[in-house]
Structure formats: C-alpha cells, structure tokens
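Working notes, structure below.
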Protein chains: 2
Amino acid sequence: MKESAFLRHIAYDSVIFGFSGERLKILIMKYHNTGLFALPGGFMQRDESLNDAVRRGLKERTGLENIYLEQFYTFGDVARYKPEIMQTILEANEHNSESYQWLLDRFISVAYYALINYNDVVPMPDALSDSCDWYSMDELPNLMLDHAEIVAKALQTLRENLEKKLVGMNLLPPLFTLTELQRVYEAILDEKLHRGTFQRKILGLGLLQRQEKYFSGKAHKAPYLYSFEDYKMSLWQC
Amino acid sequence: MKESAFLRHIAYDSVIFGFSGERLKILIMKYHNTGLFALPGGFMQRDESLNDAVRRGLKERTGLENIYLEQFYTFGDVARYKPEIMQTILEANEHNSESYQWLLDRFISVAYYALINYNDVVPMPDALSDSCDWYSMDELPNLMLDHAEIVAKALQTLRENLEKKLVGMNLLPPLFTLTELQRVYEAILDEKLHRGTFQRKILGLGLLQRQEKYFSGKAHKAPYLYSFEDYKMSLWQC
DNA sequence: TTATTATTGTCTCAAAATACGACAATAATA
DNA sequence: TATTATTGTCGTATTTTGAGACAATAATAA
C-alpha cells in the first residue's frame, strides 16, 4: 500500500464553539452528495506535531490563528471503524483512486475544542465537503460515526473548565460588557445566573480591564466595556 | 514493510499510582542493559478498542482487572520521535529483526492514569525490561522521552479530579480508616488537611459505609473502618 | 425641561459552606 | 487507676455565595 503524507490510523476532530444570538453554536461540515454531517477534522503530517496539525486545520476552516484550543479526549473504540462510510464519501467525490485507500483503514481520533469569536470567522468547506456552517447546540443534525458523542464530551469538558479556568471571554470580541459575558456563561451552562453574584465573581479574578462606556442608544444607563488580557490568563492557567 | 499485529504510530502509556508508607508511588519499568527507565506502555491491536488495550496491558503488568482508569492526554509532539532510543532498547534485547522495525517509526502516545491498591500488586516486567518497580513521586529516576512530562500531567489531572470526583479510596484496601484516607489525600495534594473538615466532607458525600472498629493494638481509641461502594461511585461520577 | 423607562454598578443582609479548635470517649499501657 | 494517643463530634468564627435593594444614568416621552 502506498504511503501517504499523513500518519496512518490517526485523525483529529475539532468542536469549534462560537456564540451568536444568545446561543452556543458549533461548526459542522456537510459532505458532497451524501447527506453526511461531521465535525471538522484532519490528519497529522509525518513531521508535524499533533497540536500543530490541529491548528493548521483550524486555520484552514476558520482563517483564524492564535485560537483558544484544548485537547479533551481520544476516541479509540473499534466500533468507530466503519470503512463503508468513508467509502461513500470518497465515491461521492470520485476520489476512489488508490492514493486515498489509506482513508479506509481504522482511525483513532484525538478530539479538541476551540473557542472563537463568531464574528471573526468565515467558515470554509474543505475539498470533500460543500458546506461548513454554524449550528446551535440544540439543533444539530445527525452526525456521522461517534461525532455526537464527541460533541457531548466537548460540552461537558467546556462546562467543567469554565468554572476552573474561566475562559468564556474567548467567545466574545475584544471589547464586551459584563452582561454579554454573562449571556455566554448562561448559554454554556444552560442556566440563569444572578447578575450581582456573576459580576462580583468575574471582576474578583482581576482578569478584566475596564474600558470606556458603551452607548448602545437604548434608554438606560450605559454599561462599561471590558477587555481581557491574554497574558494574565496564561499566568492564571499555569 | 511487514504489517505488525498492532496499529502503527499509536502507543499508550500508563501512570499507575499506588500508596504505601504514607507516600504516593508509581510503577516504572527498567529496560534490559540500557539504564533506561520508562512508564509501562504498549500498543493497540488492530481489532481492539483503545481502552481495552490499556486494560490488557495493565493486567499484564499488575495482574489486576477492574481498575480505576482514566485517560488524560495524548502526547503527539514531533520532539518525542527519537528512533535511536528504541533502537538502543531493541539492540540490547537482540530483537533487531525486521519484524520489530515498525517500533522505530514515529508514535503518538495516549496517556492514562490508574489508581490501584498497592498491596494487591506484584509488578511484572515485560519481555524488554528486567524490572517493574514502585518509585515514590519525589524520587523518580530520569525517565526517557517525555515520560517525566506525562507523569507531571498525570499528577496534575489526578489532583483536579480528586476534588471533583473524590476517587482517593481506589488507592486503599477495601476496608480503611478515615485517617488512612486522609493520608492518601495529603500525599496526592502535598498539603496537610484539617481532620474534622476532611471527615465531614468525605462522610457528607454518603459514599462510605461504616463497618466494625479497627483495633490496631495501639494505646488509643479505635477508629471505625469504612468501605466504599463502587456502584455509588459510578452513580456519583455520572 | 422634566418625568419615565430600562438597565447598570454597587451595596447589604441572609444563608450556606468552610476552617479551626475544643472536648469527651476510649484502647492500650504504665 | 492514671496516662497517653487518637478518635468521633460539636460549636463558633470566618469566608463564600445567593438574592434582593437602591441610587445612577442614557435615551425617550410628555
């Protein structure tokens, strides 16, 4: 069998979170002529670190670099080996040549989640897919293989890390109000939070810098904008 | 190149924690005639789930089944690709035939940690190693490749999960006193805990069942023994 | 100009969780 | 029978958290 430029048996999948319209969303790809939906993923080059491969794929799909990215689990069940699905995808793309046969072999998948600013992204399909779009977490299509399980575990891990590392601001633009940040937390945790308590907790961390006020044009007091200093976050994460 | 029975490029390593003499310890292997120390690890068979492969290896090394086991990270840097080290090990074992050449290729490693009852184990070396022994966490030998990093991350993850899932009892025999359990927590967290607070917290979880008293022969009040019901733990973990 | 509306920043008080020490109980020994 | 060491448990002080209250204020309506 011909050797490909990629390491065999190893794939990665990424759950790319965004926030828009008060809702948590993720990027989902749809493959050509198959009706199959999947997480954005890819493979490692032989001379490339795993994390670099994932960042490379993330850049291709979103155009973004320097993204908040976290590995959370590696899926390796035999049950996820379904060569007929990949065969369907290849056939639909008329990529049935020998040089793609390695894709039909068994893979384990290292799963990552990313937090990005929704407004920064123009999702880009890859060669095999005809769309890469945002879907609300509660309106996901049926995902192929074990990708629904991967999404569930991503959300679970994000929730745990949210209280531990307080990373919600990575889903927002550089300047945001505390109410916006609270909406992010509520969307992730799927519960209402108390305003006073939330603000005390977040500001108590000393990670946010108060900036000028934000005048929305609405008939009420203008909130302050805040920015988030990455270098403090990196200190805090340790 | 000949195909082996194992998936190429994929390995696993396990950080097997035990508790003895008030100290947290892990199992380390020493390879024949090389002075190289490493974590116990192995490879996946082509028709085997990742978790099953790790449990298989764990059984071979410790004789134990039904172990508390948790995957915590997958290491995939290019920097960990050092074929000359594996070459050294193979040469020292006179295993230089072609059927071992696949071991010289690049690997990513899925890392797990396990919590076991020290007294239940008779550590078993594998074919390439002449010992598999307990080492205190603060007296580890120099480990090959990135295994020191793997151990560090295992301990970090264990500490985080300790407060979240309270799994310390997996390091003890079926019957134990609260003071013994407290020593386990102190060894893992590397800090003293307050006795009253610790007991209130642990017992408040309702996971432990009080059993008969334990008469040590010492000149003081006899403590109660406790047992830990696995099925409650599984409920609690969710 | 002035009142109204909606939302914000901040504070206070209550409730819950946690930290810390105290004290009686008790198993073995002197 | 007193002593020693450790245990089970409790009470109080401290800290953290939850929930509401209130004045401040930007735009709008009167």
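Chain letters run A, B, ... following the sequence lines, proteins first, then strands; residues in each count from 1.
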- Please work out whether the ring planes of A:F107 and A:F43 are parallel, tilted or perpendicular, with thresholds of 30° and 60°. tilted
- Nearest to side-chain heavy atoms of A:P223, which nucleotide of D:dT17, C:dT8, C:dT29: C:dT8
- Task: Please report, rounded to the nearest Å, how far the P atom of C:dA19 is from the NZ atom of B:K201.
- Result: 7 Å
- Rounded to whole angstroms, how far apart are NZ on B:K221 and P on D:dT6? 14 Å
- Look at the rings of A:W134 and A:Y118 and say which category their plane angle falls in: under 30° parallel, 30 to 60° tilted, over 60° perpendicular. tilted
- Is a donor-acceptor pair below 3.5 Å formed from side chain A:R195 to base D:dG20, judging by atom type as modelled? no
- Query: A:K213 NZ to C:dT7 C1': how many Å, rounded?
  - Reply: 12 Å
- To the nearest angstrom, how far is A:K192 atom NZ from D:dA19 atom P? 14 Å
- Message: Using a 6.0 Å distance limit plus a 45 degree cone around the ring axis, check whether A:R210 lies over the aromatic ring of A:Y224.
- Response: yes
- Task: Measure from the side chain of A:R200, starting at C-beta and using heavy atoms only, and say which of D:dT17, D:dT25, D:dG8 lies closest.
- Result: D:dT17
- Message: With the criterion set at under 5.5 Å between ring centres and under 30 degrees between planes, would C:dC20 be stacked on B:H194?
- Response: yes
- Which of these nucleotides, D:dT7, C:dT8, C:dA27, is closest to any side-chain atom of B:A222? C:dA27
- Task: Compare the minimum distances between each of C:dG9, D:dG18, D:dG8 and the side chain of A:T197, then state the nucleotide with the smallest one.
- Result: D:dG18
- May I ask you to decide if the ring planes of B:F17 and B:Y113 are parallel, tilted or perpendicular, using 30° and 60° as cut-offs? perpendicular
- Separation of C:dA28 P from B:K218 NZ (nearest whole Å): 11 Å
- Task: Starting from C1' on D:dT7, measure out to CD on B:Q199 and report it in whole angstrom.
- Result: 8 Å
- Check whether any side-chain N or O of A:T179 sits under 4.0 Å from OP1 or OP2 of C:dT8, and answer yes or no. yes
- Of the nucleotides C:dA22, C:dA19, D:dA26, which has the atom closest to the A:A219 side chain? D:dA26
- Note on the structure: Here the distance between atom P of D:dA19 and atom CG of A:L193, to the nearest Å, is 10 Å
- Any strand is fair game: report the nucleotide pairing with C:dG9 by Watson-Crick or G-U wobble, both distances under 3.5 Å, or none. D:dC22
- Message: Testing the 3.5 Å rule here: is there a donor-acceptor pair between the side chains of B:E212 and B:Y214?
- Response: no
- Item | Distance in angstrom units between B:H220 NE2 and C:dT26 C1', rounded | 10 Å
- Item | Per B:R210 side chain, nearest of listed nucleotides C:dA28, C:dT8, D:dG8 | D:dG8
